[in-house]
Amino acid sequence: MVIDACQRQGRGGSPTAVLDEASFTDAERCRIPGELGTSHAVFIRATGVERGRPSYSLRFFTAESELPACGHGTVAALALLAIREGGSDHHAVLRTTSRNFEGRAIRNRDSVTRRSTRAR
């Protein structure tokens, strides 16, 4: 799925490919942004429950290589997770190669807003 992360007043944004973790090679992960017309992609893997919240591992890729972190990718991942959950307020523990943090997304009619994250 492609999510337009970080829109301003419902416009623009950074199209981000968001996919579930699968048995992709890193070379395949690097090809996906170009194939889907985005500059980057985030891969989500459910890792269980942590601190009473669902937890996920995130990996970010551009056409060149893996990134240690990506703001637009994180926002897009939270948006997709909130959409899937179906509730109005989604909390999750997110893990990247550089840090772990709590993310929160609030669903409004046709959009999702990231509210805050706390580093751990």
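The first residue in the sequence is number 1, and the count goes up from there.
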When rounded to the nearest 0.5 angstrom, what is the spacing between [atom1] in [X] and [atom2] in [Y]?
X   : Y    : atom1 : atom2 : result
T96 : F101 : OG1   : CZ    : 6.0 Å
R53 : H90  : CZ    : NE2   : 9.5 Å
Y56 : T74  : OH    : OG1   : 14.5 Å
M1  : L19  : CE    : CG    : 10.5 Å
F60 : S65  : CZ    : OG    : 13.5 Å

Is any side-chain heavy atom of [X] closer than 4.5 Å to a side-chain heavy atom of [Y]?
X   : Y    : value
L67 : T62  : yes
V2  : V18  : no
R59 : R29  : yes
H91 : E102 : no
L94 : N100 : no
V42 : F61  : no
D20 : R45  : no
C30 : E66  : no

Testing the basics here: between [X] and [Y], what is the closest heavy-atom pair and its distance to 0.1 Å?
X   : Y   : answer
P68 : S98 : O-OG, 3.7 Å
A79 : I3  : CB-CG2, 4.2 Å
A17 : L36 : CB-CD1, 3.7 Å

**Asked** Checking salt bridge (charged side-chain N to carboxylate O under 4.0 Å, His left out) for the pair D26/R31: CA distance, chi angles, key distance, verdict?
**Response** CA-CA 9 Å; D26 285 358; R31 283 196 298 271; over 6 Å; no
**Prompt:** Checking E28 side chain against T25 main chain: does a donor-acceptor pair fall under 3.5 Å?
**Reply:**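 Yes, because the side chain of E28 sits within donor-acceptor range (under 3.5 Å) of the backbone of T25.
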**Prompt:** Just by distance, do the side chain of T16 and the backbone of G73 share a donor-acceptor pair under 3.5 Å?
**Reply:**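 Answer holds: no.
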**Asked** Do L58 and I32 belong to the same hydrophobic cluster, where Ile, Leu, Val, Met, Phe, Trp and Tyr are linked whenever their side-chain heavy atoms lie under 4.5 Å apart, directly or via other members?
**Response**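 Cluster IDs for L58 and I32 differ.
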**Prompt:** If two hydrophobic side chains count as joined below 4.5 Å and joins carry through other members, does L80 share a cluster with F43?
**Reply:**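 Cluster IDs for L80 and F43 differ.
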**Request:** Answer with yes or no whether the side chains of T47 and S57 bring together a donor and an acceptor at under 3.5 Å.
**Result:**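 Not at all, the side chains of S57 and T47 share no donor-acceptor pair under 3.5 Å.
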**Item:** Intermediate values then yes/no, side-chain contact (heavy atoms from CB on, under 4.5 Å), E21 and I44
**Value:** CA-CA 5 Å; E21 182 63 52; I44 302 172; over 6 Å; no
